[in-house]
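What you see below is based on every heavy atom in this structure, not just the backbone, and it leaves out hydrogens, waters and symmetry mates.
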Number of protein chains: 2
Amino acid sequence: MDIDQILDSVSPIHKDPKAILKSYIKEVNFPKGHLLLHAQKCEKSIYFIKKGIVRAYSNTAENEVTFWFGKEGDAVISMKSYIANQPSYENIEVLEHSCFYEMNHTELQKLYNEHIEIANWGRKFAENELLKTEERLISRQFRTASERYNELLKNHPHLIKRVQLSHIASYLGITQVSLSRIRAAKN
Amino acid sequence: MDIDQILDSVSPIHKDPKAILKSYIKEVNFPKGHLLLHAQKCEKSIYFIKKGIVRAYSNTAENEVTFWFGKEGDAVISMKSYIANQPSYENIEVLEHSCFYEMNHTELQKLYNEHIEIANWGRKFAENELLKTEERLISRQFRTASERYNELLKNHPHLIKRVQLSHIASYLGITQVSLSRIRAAKN
DNA sequence: AAGAAAATTTTACAAATGTTAAATAATGAG
DNA sequence: CTCATTATTTAACATTTGTAAAATTTTCTT
């Protein structure tokens, strides 16, 4: 997915302000296993996935909890760092060799104060991410693990194949044994 | 909580653009039981709570699920309507006689395109709400019902007293019987 | 292709949560 | 203040989910 398409899918933006934005964006590659963002660390960059998949997780006292999967076109960002300049909640792990568009937070903030069209692009960016986060919250609050598993199968069929079931189980908030039972019940 | 304080707490804003914003805001009162927002309806207004408390809920096939409590200073809004111009997920019920600041979505959108400082205020508004929603999601994903109950006791002690336990149980994602057991275990 | 390592499923049992109904406590109307 | 209504807790039992460990399948390395 190329950068023009990604920027426009956030909110259509005219040629000139888009060129300004793009001049601050560079392409970077990372191998499978690389940590793109680090929990407890104040991150400086925002990424968009050009090609590949990633996983967000946090470590609790007992175990590791996966809570998001990112795919092409998705923004990879610590909102806590981007918005509040505070340490990230999440580790983001690259699940297969992937290519990203990278941009620096601070430079983006500066552009927000200089160009109204970029400010409104940034507003739409936050608004879109808000709707996605709300959707995730509602999914968790209203649907059973089994329903959410089917949702995942439907919305991210490619992902299931590439991600360990232990990660999917923790994403669903159940044990891997329970997930096995759900999967077994479908046959 | 007065409107200047609320607007500035979203993001400090200069006198002139703030005056423009305020010229579109009016004060409204509603009694206990009033429905401020309606699920399945495309809502036109955003509210800020001057005084009072509210509850967000949705009806599923079987039952009613409470998923948010709002208090003074909080924004009461259907993000789905505000951002995507689509029907609201939530009903918002006024839990005791309350006073709100009301503003129209469409007028706000217009201001975003005319004043860069208001555009950035709107960006910060979405960003702040995003952090709050993320916090709610993380709370649900990482903490047990019991921990979340204690969190609620700590952060909203006044609320617990004024809200039925059946609502709190559904907010925590457990049955009222389980909540009783949690409460009993603390004595 | 064979063997080792890792991932997934299955089993047996324990613990937690849900369901239904009854008992108790709190609230509100007259 | 009293009675009726509503809210909350408790009890008994059923169901679901978790835990630990073994069995099986898949993946990776050589």
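Between B:L179 atom CG and C:dT17 atom C1' the separation is 13 Å, expressed in whole Å. Atom pair A:L165:CG and D:dT27:P shows a separation of 11 Å (rounding to whole Å applied). Rounded to whole Å, atom C1' of D:dT10 lies 15 Å from atom CD1 of B:I182. Taking atom CG of A:L95 as the reference point, atom P of C:dA7 lies 13 Å away to the nearest angstrom. If you measure from atom NE2 of B:H167 to atom P of D:dT6, you get 14 Å, rounded to the nearest angstrom. Summarising the geometry, the separation between NZ on A:K32 and P on D:dT27 is reported as 11 Å, rounded to the nearest angstrom. Taking atom CZ on A:R183 and atom C1' on C:dA7, their separation rounds to 11 Å, with Å as the unit. Counting to the nearest Å, the P atom of D:dT27 and the CD atom of A:Q164 are 11 Å from each other.
Taking the six-membered ring for Trp and thresholds of 30 and 60 degrees, A:F100 and A:Y47 have ring planes more than 60 degrees apart, a perpendicular arrangement.
Considering only side-chain N and O atoms, A:S178 lies nowhere under 4.0 angstrom from the phosphate OP1 or OP2 of D:dT17. Look at B:T175 and you won't find any side-chain N or O under 4.0 angstrom from OP1 or OP2 of C:dT17.
Neither B:F125 nor B:I92 shares a network with the other; the hydrophobic side chains, linked directly or stepwise wherever heavy atoms of I, L, V, M, F, W or Y lie under 4.5 Å apart, form separate groups for each. Hydrophobic clustering keeps B:Y82 apart from A:L137 (ILVMFWY residues linked when any side-chain heavy atoms are closer than 4.5 Å, directly or through intermediates).
Geometrically, B:R148 engages B:Y171 in a cation-pi contact, judged by NZ or CZ lying under 6.0 Å from the ring centre and within 45° of the ring axis.
With distances taken from any side-chain atom of B:R181 to the nucleotides D:dT10, D:dA12, C:dT11, the minimum falls on D:dA12. Here the nucleotide nearest the side chain of A:V177, chosen from D:dT9, C:dT10, C:dT8, is C:dT10.
Residue A:I174 is classed as a sugar-phosphate contact, given heavy-atom separations below 4.0 Å to backbone atoms only.
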